[in-house]
Amino acid sequence: MSGPSTYEPKTGFTKWLDSRLPIVRLGWDSFVDFPTPRNLNYWWTFGGILAVFLMIQIITGIVLAMHYVPHEAYAFDSVERIRRDVNFGWMIQSMHANGAAFFFVAVYLHMFRGLYYGSYKAPREVLWILGVVIYLLMMATAFMGYVLPWGQMSYWGAIVITNLIGALPFVGDAIREWLWGGFSVGQATLNRFFSLHYLLPFVIAGVVGLHIWALHVPGNGNPVGLEVRGGKDGKKDTLPFHPYYTVKDGFAILVYLMVFAVFVFFLPTVLGHADNFIEANPLSTPAHIVPEWYFLPFYAILRAITFDIGPIDAKLGGVLLMFGAIAILFVLPWLDTSKVRSMRYRPLTRWFFIFFVLTCFGLGWCGAKNPDDYVLGIEGFKFLYFGQFLTLYYFAYFLVVLPVMGIVEKPKERPASIEAAVLGNKASAQPAE
Amino acid sequence: MKMTRLIAAGLAALGLSAAAGAAPGDYKAPEHHHWHHSGPFGTYDRSAIQRGYQIYVEVCASCHSMDLLSFRNLGERGGPFEDERFPNANDNPLVMQLAASYTRQWAGEVDDAGDPRIRPGIPADTFPAPYENEQIARGSNNGALPPDLSVMTRARHHGTDYVRSLMLGYKDAPEGVELGAGQYYNEYFGPISMAPQLVDGLIEYADGTEATKEQMAEDIAVFLTWAADPHQDIRKQTGLMVLLFLFVLTILVYLAYRQIWANVEH
């Protein structure tokens, strides 16, 4: 969709620079003139929101690293020092901790957008896969970051998660020791987690660059799921990114930042766990070890497997299924057999999708609860069974619903073009000047 | 506070709350109490923090440390003895006097001969710990370790309510509950190694307030809340300004958005 460049350097310097390093041209073509479908709704603003939050996390993180001490004996106190004694440390620390949560909220909404509007389908498979890579990197970064304050949940969460690796046959123990840098979670683990927690965000930034590159080759998808037409008609389907989408994204970013500010300033610890204000103590295990909320659905899938499957014991089965829940996203573009991108025109699959979203929330609920407790107090209906049922549907959505519905479902009639979708029966849209 | 609880309840209902999961054992949840610092506009009750500090020094400090607190914190912005004439709390005479009332070895300091250096405290010193190490602390308390109180109210769900409830929650042990040596029963904790501390008239408040059990429980809860979150007042003030700024900017950007898109079908 990115056609010939319309950038014309005007001053002597920009002409000189353009013939040597056309970086201004790149920016112009990517973020000013870039033709963007005119019918994008607010679900398309989360990409911009995510870029802002990556920057917030990196900038606040760099400042925190100036004051943080990655040592078993000092880490906990150094985070408290940041909150108490560093100028605006209470704000920077709160932005970083809550920023992680808001980063995940935005990435989940961005992913649900992609699932609903078929953003993963040809020709955007690589774009989608890069997105899943970013998501994986985010999870690794967030997990290691949560270990750094060295509270009880940090420490015991690190033990639970690294022990999952130990469930792998033959190589598990060796990999786990390699991750730990010893025979238990300790000083070496904390040090390397700090190092990697500093490194990975820059890797994420690099993959985000590729993600945007892969976006700018086919261009944005859109709610009706039709491609922008070639030639002159393309102008009628699109608007230049600036000012139309810079201002729309800007508005959405500000609204999101306001909600963020409510948490940063008024509810700074509400998303965390009280136990993490107790310093890590290897001799005292917390009553309930729960991961941060954004990992809870996967935690529920992990715990759903309580039975051996042939040679695979329950623990390994849970681990494989948990990783499988993410791995399946990599092959999603080839699991969905439907030619129709947008769920708007898939009357049956749409309901399966809505149920899939509810399933993800339900899994999160199961992950937060004790598996032996009863759902809503219903006698006998354990969270374990609820989680198992939802896990089954999670995988069925990808492995059964999407492959089969693409063949059996009769999609609704789609408009002829983006322009027609926008205008209905009116005359043609004016190309923006 | 209402908003907090609504949001928390909403998140919990969505299964988003990481704070879900019951406290150890099936003891009573802390009783909800209204605090001067509750809600987005609430600020600390300074005189309550002052009284709470007095209780801490006269009662709690004989067993509990507060390693993260320095005397200077008492005179810093939002602290109980803040004085605008002394923006640098280290110059605050009251704070200097409070620190100097302790003469001891500080932070393992030694003199040129290598002997412990004994001197009066200065505002930069941290609150003196009652025991030299964990072993001595346990040895003096039937094997139980009195926890450090620096971030106690953040380390418990609804920490401020929890501390107040705990201080008032001593009851006779219900039937079937076995108490260990030197243990007491507290309906918010279960068997607990801390003896009941508060009795009416236990201390004489410097400001003349009547020292009832309830009053002291409230004051110590407020003091510990301030200790765990000393920048709360400035945090909320800043938050209101940030939200106001973002709100105005959002309106302006929204109007710009409406104007730019006014003649575009979409």
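In what follows, chains are A, B, ... by sequence order, proteins preceding strands, each numbered from 1. Keep in mind it's a predicted model, so treat the numbers as computed, not measured.
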**Asked** Do A/Arg38 and A/Tyr244 touch side chain to side chain, with heavy atoms closer than 4.5 Å?
**Response** no

If you count heavy-atom pairs within less than 4.5 Å of chain A, which of [options] leads?
| options | value |
| --- | --- |
| B/Val242, B/Leu68, B/Val151 | B/Leu68 |
| B/Asp148, B/Leu240, B/Leu252, B/Leu246 | B/Leu246 |
| B/Thr250, B/Asp67, B/Asn73, B/Val253 | B/Thr250 |

**Message:** If you take the centroid of each ring, where Trp contributes its six-membered ring, are A/Trp365 and A/Phe383 closer together than 6.0 Å?
**Reply:** yes

**Message:** Would you say the ring centers of B/Trp261 and A/Tyr245 fall short of 6.0 Å from each other?
**Reply:** yes

**Complete:** dist B/Cys60:SG -> B/Met194:CE (nearest 0.5 Å) comes out at 8.0 Å

**Prompt:** What is the distance from atom CD of B/Glu82 to atom CD1 of B/Ile49, rounded to the nearest 0.5 Å?
**Reply:** 10.0 Å

**Asked** More than 12 foreign heavy atoms under 6.0 Å from CG of B/Asn88: is that the case here?
**Response** yes

**Request:** Check the surroundings of atom CD in B/Glu109: do more than 12 heavy atoms from other residues, nucleotides or ligands lie under 6.0 Å from it?
**Result:** yes

Give the table of side-chain donor-acceptor pairs shorter than 3.5 Å for residues 246-266 of chain A, with sequence neighbours excluded, one pair per line with atom names and distance.
unit_1, atom_1, unit_2, atom_2, d
A/Thr246, OG1, A/His242, ND1, 2.8
A/Thr246, OG1, A/Pro243, O, 3.1
A/Lys248, NZ, A/Leu40, O, 2.8
A/Tyr256, OH, A/Phe102, O, 2.6
A/Tyr256, OH, A/Ala106, N, 3.3

**Request:** Go through the atoms of B/Arg258 and report whether side chain, backbone, both or neither lie under 4.5 Å from a heavy atom of chain A.
**Result:** neither

**Item:** Contact origin within B/Phe245 toward chain A - heavy atom pairs under 4.5 Å
**Value:** neither

**Message:** For the interface with chain B, which of A/Arg81, A/Glu279, A/Met153 has the highest count of heavy-atom pairs at distances below 4.5 Å?
**Reply:** A/Arg81

**Asked** Among A/Leu363, A/Asp77, A/Asp373, which residue forms the greatest number of heavy-atom pairs with chain B at distances under 4.5 Å?
**Response** A/Asp77

**Prompt:** Mind checking which of residues 225-238 of chain B sit less than 4.5 Å from chain A, heavy atom to heavy atom?
**Reply:** B/Ala227, B/Ala228, B/Pro230, B/His231, B/Ile234, B/Arg235, B/Lys236, B/Thr238

**Asked** Distance-only, no hydrogens or angles: does the A/Ser94 side chain make a donor-acceptor pair with backbone N or O of A/Met91 under 3.5 Å?
**Response** no

